[in-house]
Amino acid sequence: MITSDPSPSSTLAELKALSKIIQDSIISIEASLSSANKEFPSPYTPITRESEAARMVPGVDKACTLIITAAYQLIQSVQSPMLSIMAIATQHALPAALGVASAANVAEALREAGPNGAHVNEIARASNIDPSKLARVLRLLATNHIFVEVAPDVFVNNRISSCMDTGKSVKAILESPETKHIATNCVAASVEHWQATHNSAATSAAHLSEFLLDPKTAMSQELNNTAFNIAFNTDIPVWEWLEKKENERRFDWDGLKQGAVIVDVGGGVGAQSLALAQNCPHLRFVVQDREQVTKDAAGFWNDKLPDALPSGRVELQAHDFFTPQPVKNASVFLLRSIIHDWPDKYCLQILRHLRAAATPDTRLVIVDSLVSYACEDSDLKHIPGIERPVPPKPLLPNMGYAALTSYQLDIQMLSVLNGKERTIAQMKELMDQTGWKLVQVHQALAFSTSKVIGAPA
Ligand SMILES: C[S@@+](CC[C@H](N)C(=O)[O-])C[C@H]1O[C@@H](n2cnc3c(N)ncnc32)[C@H](O)[C@@H]1O
């Protein structure tokens, strides 16, 4: 076992090492972009397909990730420790502010206002929101480099805020709010989805210490005995709770899913399968989910996507993944954002049912974010894709801040579902116990969804 040295000899030497990583990475970006004849995008102009092309130049994304990791480590090294704790303890305000900006269609209003932006009185008018309160929300975001306050109470879009622009007019959105996210880049949909889920996730997380310390709940591995259940004073699991009519808006049924014979297990409304089906005309998809979800999906497909359906190649199937898998000729069982929802004993049941229905050629594809230890870990080897480049010292071996989202999602899973984001070793353990063999891992340098591929053992 390798251990990381948490206290290098001199603090100033560490600060210099961190800033050198940043400087070297910028020089490397400059060299890569100049040979590709591309510009690094400005933070002040709206995002476009072209503006993001620079990131695709080989080496640029990796250098950016190193800068992010080093810059945050530098901040935490020089900031007052009390301030670091206070900044983190009050961070719940940020997703709330993002949700307000999206719901009030601020990015769209600012696009319509043009390059000089708009006064908050003007932005607020369409949504009938108190401008002085909206200004405070936007100022928090601007302080986080989302929107720019160009004059007192006057805001413009920047590269980050423009991601939330659906491209529709504010008038069109107000006339038909339920179709706001149809045929868009879905970033605003994700923001509103996260904000909606955050309501239950953040409320659940507020009860996490109570849940973890109370002897009655401390060791729970049950779906209906979680911080969420304390927070919402209910004894039903979050999935059933979301299905209740009064909670409908908290779940984004417009989220994406897949299915060739690819079986999209727990595939929701099948959006990922539909997207894949359009790009892979040789594949067939079965999107499986609970009966109520497949009914909602069928309605959604008929109402909203009549032209998008690759006819005959994508089907919906009601199926509870804790019962025997009916599809016996699957090439792929796809589990996207499923395994992280469940404690181990439930994952084992899901994977055993899939193994029992697998052919020797079936592949299990688990798409989830993977977490690493915050120290070096060399326990697993010899599996394609498992080794990750070791970042230069003194960066955290897990890429620190650049990987933060995985760890935040992990606590969300714990709070709401007793679920977890897993390490590769934990994924391998689940496979080992259910007759699957981990054969390949596709993972990013820091945060992004990873793919863990299994084959029958
Ligand atoms: C986080 S969502 C993931 C959906 C989809 N795979 C995606 O990537 O967008 C989890 C899905 O699991 C489904 N689910 C929960 N319990 C299930 C069960 N017992 N059988 C089948 N699906 C289930 C939920 O209805 C939900 O659609």
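When a ligand or atom number is given, it counts from 1 through the structure's own listing order. Quick caveat, the model's predicted, so the values are computed rather than measured. Computed over heavy atoms, backbone and side chain alike; hydrogens, waters and symmetry mates excluded.
Considering only residues two or more places apart in sequence or on other chains, Glu421 meets the side chain to side chain donor-acceptor pair (under 3.5 Å) condition with His340, Ser369.
Between Trp342 and ligand 1, a contact under 3.5 Å exists for no N or O pair. Close N/O approach between Gly266 and ligand 1 is found [any backbone or side-chain N/O within under 3.5 Å]. Residue-to-ligand polar distances keep His340 apart from ligand 1: every N/O pair is separated by 3.5 Å or more. Some N or O of Asp320 is nearer than 3.5 Å to an N or O of ligand 1, by distance alone. Polar contact with ligand 1: present for Phe321 (N/O pair, distance under 3.5 Å).
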message: If you apply the rule salt bridge (charged side-chain N to carboxylate O under 4.0 Å, His left out), what do you find for Asp61 with Arg55, and how did you get there?
response: CA-CA 5 Å; Asp61 199 43; Arg55 195 176 281 282; 3.2 Å; yes
task: Apply the test salt bridge (charged side-chain N to carboxylate O under 4.0 Å, His left out) to residues Glu52 and Arg159: give CA-CA distance (whole Å), side-chain angles for both, the deciding distance (0.1 Å), then the verdict.
output: CA-CA 10 Å; Glu52 298 316 289; Arg159 180 159 163 256; 3.0 Å; yes
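Interface of Phe322 with ligand 1, defined as ligand atoms under 4.0 Å from a residue heavy atom, comprises 19 (N). Counting atoms of ligand 1 from 1 in the listed order, those under 4.0 Å from a heavy atom of Asp341 are 1 (C), 10 (C). Atoms of ligand 1 found under 4.0 Å from any heavy atom of Gly268, numbered from 1 in the order shown, are 27 (O). Counting atoms of ligand 1 from 1 in the listed order, those under 4.0 Å from a heavy atom of Val293 are 25 (O).
Counted by atom type alone, Thr362 and Thr359 present one or more donor-acceptor pairs between their side chains at under 3.5 Å. Gln408 and Gln412 share no side-chain donor-acceptor pair at under 3.5 Å. Side-chain atoms of Asn105 and Ser127 form no donor-acceptor pair, as typed in the model, at a separation below 3.5 Å.
Residue contacts with ligand 1 include His319, since one or more of its heavy atoms lies under 4.0 Å from the ligand. Distances from ligand 1 to the non-hydrogen atoms of Tyr346 include no value under 4.0 Å.
Under 4.0 Å from ligand 1, not a single heavy atom of Val367 appears. When heavy-atom distances to ligand 1 are checked against a 4.0 Å cut-off, Gln288 has no atom that comes that close, whether in backbone or side chain. Proximity of Ile338 to ligand 1, defined as any heavy-atom pair under 4.0 Å, is confined to the side chain (atoms from C-beta onward).
Residues Phe211 and Ser204 form no side-chain contact, since every pair of their non-hydrogen atoms from C-beta on lies 4.5 Å or further apart. When side chains are defined from C-beta on, Glu429 does not count as touching Arg422, because their heavy atoms never get closer than 4.5 Å.
Pairs of residues two or more places apart, or lying in two chains, that qualify as salt bridge (Lys or Arg N to Asp or Glu O under 4.0 Å) and include a residue from residues 218-234 are Glu222-Lys345.
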